[in-house]
Amino acid sequence: MKKYSGFLKILVLLLFLPFCIWRFAVSNTMEIKKKHKILRHIIPDTNSGNLPFAIKEISPPFVSSGGILDSIAECTLQEKVNIVSYTPVLTDMEEDCALYSGLLKLSGRYTGLVKTIDRIEHMQARLKIISVNFYMYPPYTIPSKQELRVDIAIQQIEYK
């Protein structure tokens, strides 16, 4: 039996290894590929650049016009959050659409700031929050004289 042990190990390896490779690596990939083939025929290709007119009309300009400040005004009053500054910038522009970015700086208590961020996230406008940065202002001073601030970077695509 000892003289056939190497042969048996190679035989088991040759039979068992392909099964393990299929089971743990290839089978999941093949399932995803089958689902992709089915969904490719059901869902239309949206990368063609020809967006339906209805999608273009949904998004009123909130970032460029400062409409976001009007939208969160009630929330800031309720939560005692102060609007420190708001800076809209035209980031990129192509044929019929423009990408606007805005930096909104707020100050107040942590819970009020978080509720205001939640209000911005759940607005009906098509806004994208890029980053949120909490910090104490002014830095390197006595903690009792500092206030909590948040910088919220927002982007929106506006169609003409």
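For clarity, every value in this text was computed on a predicted model and none was experimentally measured.
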Backbone N or O of Pro61 within a donor-acceptor pair of the Ser64 side chain at under 3.5 Å?
-> no

Aromatic rings Tyr137 and Tyr135: how do their planes relate, parallel, tilted or perpendicular, breaks at 30° and 60°?
-> perpendicular

According to a 4.5 Å side-chain heavy-atom criterion applied to Ile, Leu, Val, Met, Phe, Trp and Tyr, with indirect links allowed, do Met136 and Val150 form part of one hydrophobic cluster?
-> yes

Is a side-chain N or O of Tyr86 found less than 3.5 angstrom from the main chain of Val63, in a donor-acceptor match?
-> yes

Phe62 and Glu158 have their tightest heavy-atom pair at N-OE2, 4.0 Å

Rounded to the nearest 0.5 Å, how far apart are CD1 of Ile38 and NZ of Lys34?
-> 9.0 Å

What distance separates Ile10 CD1 from Leu15 CG, expressed to the nearest 0.5 Å?
-> 12.0 Å

Option among Val84, Ile152, Ile83 that satisfies the side-chain contact (heavy atoms from CB on, under 4.5 Å) test with Lys105 = Val84

Does Val89 share a hydrophobic cluster with Ile157, counting links as ILVMFWY side-chain heavy atoms below 4.5 Å and allowing steps through other members?
-> no

Donor-acceptor pair, side chain of Thr76 and main chain of Asn82, under 3.5 angstrom = no

Between Glu79 and Gly112 the two heavy atoms that sit nearest each other are CB-CA, 3.7 Å

Arg119 side-chain N/O to Ser71 backbone N/O, donor-acceptor pair under 3.5 Å | yes

Applying the 4.5 Å side-chain criterion to the ILVMFWY set and letting contacts propagate, would Val81 and Leu103 be lumped into a single cluster?
-> no

Can you tell me how far CD1 of Ile72 sits from CD of Gln78, rounded to the nearest 0.5 angstrom?
-> 12.5 Å

List the atom of Gly108, the atom of Leu113, and the distance in Å for their closest heavy-atom pair.
-> O-CD1, 3.7 Å

Could you grab the distance from atom CD1 of Ile154 to atom CD of Glu121, nearest 0.5 Å is fine?
-> 10.0 Å

Validation row: Gln155, Leu99 side chains within 4.5 angstrom (heavy atoms) = yes

Are Ile130 and Leu90 grouped together when hydrophobic residues (ILVMFWY) are joined by side-chain heavy atoms under 4.5 angstrom apart?
-> no

Quick one: do Tyr110 and Ile120 end up in the same hydrophobic cluster if we chain Ile, Leu, Val, Met, Phe, Trp and Tyr together by side-chain heavy atoms under 4.5 Å apart?
-> yes

Which atom pair, heavy atoms only, marks the closest approach of Thr91 to Tyr100?
-> OG1-C, 4.1 Å

Shortest non-hydrogen pair, Thr141 vs Pro138, comes out as OG1-O, 3.0 Å

Report the C-alpha separation of Lys33 and His36 in whole Å, then their side-chain angles, then the decisive distance to 0.1 Å, and conclude whether the side-chain contact (heavy atoms from CB on, under 4.5 Å) test is met.
-> CA-CA 5 Å; Lys33 185 177 178 183; His36 176 70; 5.5 Å; no

Ile117 side, atom CD1; Cys75 side, atom SG - distance, nearest 0.5 Å | 10.0 Å

Can you establish whether the number of heavy atoms outside Ile142 located under 6.0 Å from its atom CD1 is more than 12?
-> no

